[in-house]
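Just so you know, these numbers use all the heavy atoms, side chains as well, and skip hydrogens, waters and symmetry mates.
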Amino acid sequence: VPSQRVRPTVSESAVYTGFGSNLQLQGDRLAVGAPFGVTRFDPGFVFLYSRSTGPYSLTDAFTSEPSLGSGLSLSQSALMAGVPFDPFFSIGYALIHEFGAPAP
């Protein structure tokens, strides 16, 4: 089985300094967290990849407050991403995205 590198777009890769710090694999879906930006106020990201028979390809991306993607959980029906640190309010929360539902 050949190896594959999965990454955000090359032009944006410097922004996602924490890309790959958290990973979740469920079937043919892969969630990759990128919770850190250049500064502590930059938004965090979660990238969702999928595959059917070939390599993984980017299917969705979520962004929110800094630290999004610090924790990930992936099931067949939903993605949950932790946001443990909000630099403005210091209150964490979890983002839940159900597959088949519109992005938040």
Test side chain to side chain contact (heavy atoms under 4.5 Å, CB included) applied to L79 and I96, step by step: CA-CA 6 Å; L79 165 71; I96 301 169; over 6 Å; no
In Å and rounded to the nearest 0.5 Å, what is the [atom1] to [atom2] distance from [X] to [Y]?
| X | Y | atom1 | atom2 | answer |
| --- | --- | --- | --- | --- |
| S67 | Y93 | OG | OH | 7.5 Å |
| D42 | E65 | CG | CD | 12.5 Å |
| L25 | L72 | CG | CG | 12.0 Å |

Non-hydrogen atoms of F47 and A34 that approach each other most closely: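 Closest pair (atom of F47, atom of A34, distance): CE1-CB, 4.1 Å.
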For G44 against T63, the heavy-atom pair lying closest together: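 For G44 and T63, the tightest heavy-atom pair comes out as O-OG1, 3.1 Å.
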Sequence neighbours left out, what passes side chain to side chain contact (heavy atoms under 4.5 Å, CB included) with [X]? Give chain and number order.
| X | result |
| --- | --- |
| L23 | V32 |
| P55 | Q4 |
| S73 | M80 |

Any side-chain heavy-atom pair of P35 and P66 under 4.5 Å: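 P35 does not reach P66 side chain to side chain.
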Residue pair Q24 / L30, side-chain heavy-atom distance below 4.5 Å: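 Contact flag for Q24/L30 side chains = no.
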Donor-acceptor under 3.5 Å (R29 side chain, Y49 main chain):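 Flag not set: sc R29 to bb Y49 has no pair under 3.5 Å.
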Check: N22 side chain, S70 main-chain N or O, donor-acceptor pair, under 3.5 Å: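 Checking the backbone N and O of S70 against the side chain of N22, a donor-acceptor pair under 3.5 Å is found.
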With V46, the side chain to side chain contact (heavy atoms under 4.5 Å, CB included) member among L95, D60, L68: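 For V46, the side chain to side chain contact (heavy atoms under 4.5 Å, CB included) test succeeds with only one of L95, D60, L68, which is L68.
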Side chain to side chain contact (heavy atoms under 4.5 Å, CB included) between D28 and S50, intermediate numbers included: CA-CA 5 Å; D28 288 332; S50 64; 5.5 Å; no
F36 ring center near F19 ring center (under 6.0 Å):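 No, they do not, as the ring centres are separated by 6.0 Å or more.
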Cation-pi, Y56 ring and R5 (6.0 angstrom, 45 degrees):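 Ring-cation test returns no.
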